[in-house]
> 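My questions will all concern the structure given below.
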Protein chains: 2
Amino acid sequence: MQLSGLIARLGRHLDLTDAEREAILHAERGERRLRAGDVLVAEGGESHALYVVRQGWLHSSTKLVTGGRQILRFHYAGDLIGTSSMAWSQAAATLTAISDCIVIDLPKTELGLLFRAQPRIAGLLYAIAAAENVAMSDRLTTIGRMGASERLSTLLLDIMARLRVTAGGIVDSFDLPLTQTDIGDALGLTKVHVNRTIRALEKSGVIERTGRRVRIVDEAALVAATGFTDRYGEIETAWLPPAI
Amino acid sequence: MQLSGLIARLGRHLDLTDAEREAILHAERGERRLRAGDVLVAEGGESHALYVVRQGWLHSSTKLVTGGRQILRFHYAGDLIGTSSMAWSQAAATLTAISDCIVIDLPKTELGLLFRAQPRIAGLLYAIAAAENVAMSDRLTTIGRMGASERLSTLLLDIMARLRVTAGGIVDSFDLPLTQTDIGDALGLTKVHVNRTIRALEKSGVIERTGRRVRIVDEAALVAATGFTDRYGEIETAWLPPAI
DNA sequence: CGCAGTCTTGAATTGTGTCAATGTTTGTGG
DNA sequence: CCACAAACATTGACACAATTCAAGACTGCG
């Protein structure tokens with residue numbers, strides 16, 4: 001069977017039936033390759049599709065009237081992105097590739113048909129959207145109520161938790177393809193202060209860096225300081241209607 | 001026909017068929033009355049249902065390890081709340097009534113059946129979830145990248161835009177049932193600084209206050225300063241599958 | 001009427017931003 | 001493979017926005 005971004009993702013949560021796989025494959029359109037830095041969708045531009053990340057990292061961001069930028073979320077393999085186009089035909093955020101990426105098109109009319117043909121998939125997608133909402137809430141809480149070092153720690157823990165989903169074994173270090181400006185725009189800090197905060201964490205011995213590789217030395221301390229909760233685990237599926 | 005929270009809400013976006021109305025009514029359980037201050041769902045507690053707000057205001061919030069609180073979102077009549085229980089059986093946030101409220105239970109197993117019976121409703125609920133996500137992104141941007149007076153201005157504009165959805169005519173003033181502590185917890189500021197910021201806006205003449213009533217005097221100035229976008233308008237429904 | 005919860009204000013402190021200069025990496029073309 | 005430019009990281013000095021602490025004035029409710 002053909003490899004599919006959405007099948008891989010939904011298969012993490014459910015055992016898909018053949019009919020469900022077929023329906024998903026039918027909804028997906030050709031893949032698109034992006035170079036690091038490429039913009040997949042621009043804020044305000046027309047958009048009639050979602051995308052499934054097959055490979056690589058992206059982020060979504062918005063621009064402010066005052067010239068700043070807020071990075072809203074990082075996206076990894078398996079994520080369903082550009083979902084604002086389900087509600088409006090204009091994209092609410094810019095999607096930018098951080099590393100080289102492959103994404104798969106999922107036209108929204110096809111998704112409509114998938115919702116009708118496979119209600120269990122529809123329900124799971126709804127649950128995933130609800131989980132995304134909680135992820136945004138977590139970030140809001142972090143940025144609204146924590147200091148710079150807790151924000152940064154939370155980001156590192158979050159990235160690591162997410163990478164552990166894909167990498168089977170235990171991960172305690174990873175390559176961080178983000179500039180300090182990116183990190184600042186994600187955390188609501190300036191790049192200068194991000195730098196100071198990183199160096200302080202390094203000096204206190206809870207993290208180590210070699211080039212762009214980061215190693216989490218004292219995960220327990222970071223978790224204790226931030227109250228970080230890993231939300232990347234299971235999604236409850238008991239309420240879903242039976243598969244067709 | 002019996003009055004229903006969800007029918008009223010979805011009816012804003014679609015002309016529902018009789019079969020769809022029937023199915024929604026079948027999914028909804030009895031209503032629940034809350035007094036201002038009551039907690040509908042506590043963070044971490046079991047939850048097997050969503051709720052539709054029929055009347056009143058609520059907010060969702062989380063607690064931090066350090067003792068603080070972040071208010072994530074305010075909810076008004078027609079909103080679908082507690083959606084994190086679609087993904088997990090433990091609630092991710094606390095739902096608290098701000099004013100006296102009436103909410104309607106929507107058990108998630110019933111929602112599963114609704115998804116199967118009425119795919120067009122499923123699709124619309126998905127679009128609404130996507131719009132909720134964008135609303136969270138807006139708040140993240142406001143808190144992450146704006147100063148205190150822009151944050152406060154955005155909150156006021158947002159509340160007013162939301163009240164205009166229900167109130168037919170033009171609204172330029174409204175009762176604000178929030179304490180300054182609440183506002184601070186929503187905006188990532190202390191209550192003291194909220195007070196200073198309100199008084200500064202008042203002094204500069206862009207807002208006026210009488211008791212708990214707020215009047216927006218110079219809406220254009222507030223919009224210009226914040227880049228506020230009203231997202232409470234239409235939701236695109238062209239991609240939805242046909243009704244059954 | 002009195003009390004508890006709010007709102008308001010001032011003064012001192014702290015965290016983060018701004019500005020500016022220098023060092024370090026990365027990638028590109030010769 | 002080297003030279004160079006551009007992007008990125010690092011650091012210091014200073015400015016400023018928001019917090020903290022504290023005290024007093026409202027307001028609404030039992």
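By convention in this document, chain letters (A, B, ...) are assigned in the order of the sequence lines, proteins followed by strands, and residues within each chain are numbered from 1.
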> Please evaluate residues A/V65 and B/T226 with respect to the criterion side-chain contact (heavy atoms from CB on, under 4.5 Å), reporting the C-alpha separation (whole Å), side-chain torsions for both, the decisive distance (0.1 Å), and the verdict.
CA-CA 7 Å; A/V65 275; B/T226 58; over 6 Å; no
> For chain B and DNA chain C, what are the first and last nucleotides along the strand, 5' to 3', with at least one atom under 4.0 angstrom from a heavy atom of the protein chain?
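Terminal contacting nucleotides, 5' to 3': C/dT6 to C/dA11.
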> So which of residues 195-215 of chain A are in contact with DNA chain C, with a heavy-atom cut-off of under 4.0 Å?
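The stretch gives A/R196 as the residues lying under 4.0 Å from the strand, ordered by number.
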> Can a donor-acceptor pair be found between the side chains of A/Q180 and A/N195 at a distance below 3.5 Å?
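Judged by distance alone, the side chains do pair up.
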> Less than 4.5 Å apart, side chain to side chain, heavy atoms only: is that true for A/E202 and A/R209?
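Counting from C-beta outward, A/E202 and A/R209 do come under 4.5 Å.
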> Could you tell me from which nucleotide to which nucleotide of DNA chain D, 5' to 3', there is an atom under 4.0 Å from chain B heavy atoms?
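Listed 5' to 3', the contact boundaries are D/dA18 to D/dC21.
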> Look at the side chain of A/Q55 and the backbone N and O of A/V103, then say whether any donor-acceptor pair between them is shorter than 3.5 Å.
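No; zero donor-acceptor contacts below 3.5 Å.
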> What residue pairs, at least two apart or across chains, pass side-chain hydrogen bond (donor to acceptor under 3.5 Å, both in side chains) with a residue in residues 182-191 of chain A?
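For residues 182-191 of chain A, and leaving out neighbouring residues, the side-chain hydrogen bond (donor to acceptor under 3.5 Å, both in side chains) pairs sorted by first residue read A/R69-A/D182, A/R69-A/D185, A/T179-A/D182, A/D185-B/R145.
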> When you look at B/D175 and B/R213, which way does the salt bridge (charged side-chain N to carboxylate O under 4.0 Å, His left out) test go after all the steps?
CA-CA 4 Å; B/D175 283 315; B/R213 192 152 193 93; 3.0 Å; yes
> Hey, are A/T141 and B/T62 close enough side-chain-wise for a donor-acceptor pair under 3.5 Å?
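Present: a donor and an acceptor within the cut-off.
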> Would you mind reporting whether A/T142 and A/E150 have side-chain heavy atoms less than 4.5 Å apart?
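A side-chain contact under 4.5 Å is absent here.
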> Output the residues of residues 62-74 of chain A in contact with DNA chain C, where contact means a heavy atom of the residue under 4.0 Å from an atom of the strand; sort by number or write none.
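Close to the strand, none.
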> Name the atoms and distances for all side-chain donor-acceptor pairs under 3.5 Å in residues 34-44 of chain B, with sequence neighbours left out.
unit_1: B/D38; atom_1: OD2; unit_2: B/R35; atom_2: N; d: 2.8
unit_1: B/E43; atom_1: OE1; unit_2: B/K63; atom_2: N; d: 3.1

> Do any pairs count as a side-chain hydrogen bond (donor to acceptor under 3.5 Å, both in side chains) and have a residue in residues 98-108 of chain B, sequence neighbours left out, and if so which ones?
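Qualifying pairs, neighbours excluded: A/E236-B/K108, B/R32-B/D105.
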> Do we see a donor-acceptor contact under 3.5 Å between the side chains of B/S85 and B/H48?
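No, B/H48 and B/S85 have no side-chain donor paired with an acceptor closer than 3.5 Å.
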> Return a table of donor-acceptor pairs under 3.5 angstrom between the side chains of residues 214-224 of chain B and protein atoms on other chains or two or more places apart.
unit_1: B/R215; atom_1: NE; unit_2: B/E208; atom_2: OE1; d: 3.4
unit_1: B/R215; atom_1: NH1; unit_2: B/D172; atom_2: OD2; d: 3.2
unit_1: B/D218; atom_1: OD1; unit_2: B/A221; atom_2: N; d: 3.1
unit_1: B/E219; atom_1: OE1; unit_2: B/R164; atom_2: NH2; d: 3.0
unit_1: B/E219; atom_1: OE2; unit_2: B/R164; atom_2: NH1; d: 3.1

> Should we say atom CZ of B/R33 is surrounded by more than 12 heavy atoms from elsewhere, each under 6.0 Å from it?
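Check fails, neighbour count at 12 or below.
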> Restricting to side chain to side chain contact (heavy atoms under 4.5 Å, CB included), what partner residues turn up for A/R196, sequence neighbours left out?
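Side chain to side chain contact (heavy atoms under 4.5 Å, CB included) check on A/R196 returns A/V192, A/H193.
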> Using modelled atom types and a 3.5 Å cut-off, is there a donor and acceptor pairing between side-chain atoms of B/W57 and backbone atoms of B/L178?
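Judged by distance alone, no pair lies under 3.5 Å.
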> Return the residues of residues 147-159 of chain A meeting this criterion: a heavy atom under 4.0 Å from some atom of DNA chain D. Order them by number, or give none.
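Within residues 147-159 of chain A, no residue comes under 4.0 Å of DNA chain D.
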> Will you find, in the side chains of A/Y51 and A/D79, an N or O donor that is under 3.5 Å from an N or O acceptor?
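There is no such pair between these side chains.
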> Counting C-beta onward and ignoring hydrogens, is there a side-chain heavy-atom pair between A/L201 and A/S153 closer than 4.5 Å?
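Sidechains of A/S153 and A/L201: in contact.
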> Mind grabbing the angle between the end helix axes of the helix from C/dC1-D/dG30 to C/dG30-D/dC1? Five pairs an end, 10° rounding.
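Computed angle between terminal axes is 50°.
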> For DNA chain C, which residues of residues 173-186 of chain B approach it to below 4.0 angstrom with any heavy atom?
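Contacts with DNA chain C under 4.0 Å: B/T179, B/Q180.
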> Without swapping roles, check the side chain of B/S4 against the backbone of B/I7 for a donor-acceptor pair under 3.5 Å.
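Yes, B/S4 side chain to B/I7 backbone: donor-acceptor pair under 3.5 Å.
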> Got a donor-acceptor contact below 3.5 angstrom from the A/E28 side chain to the A/L6 backbone?
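Answer holds: yes.
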> Might you point out which heavy atoms bring B/V53 and B/Y76 nearest each other, and give the distance in Å?
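It is CB-O, 3.3 Å.
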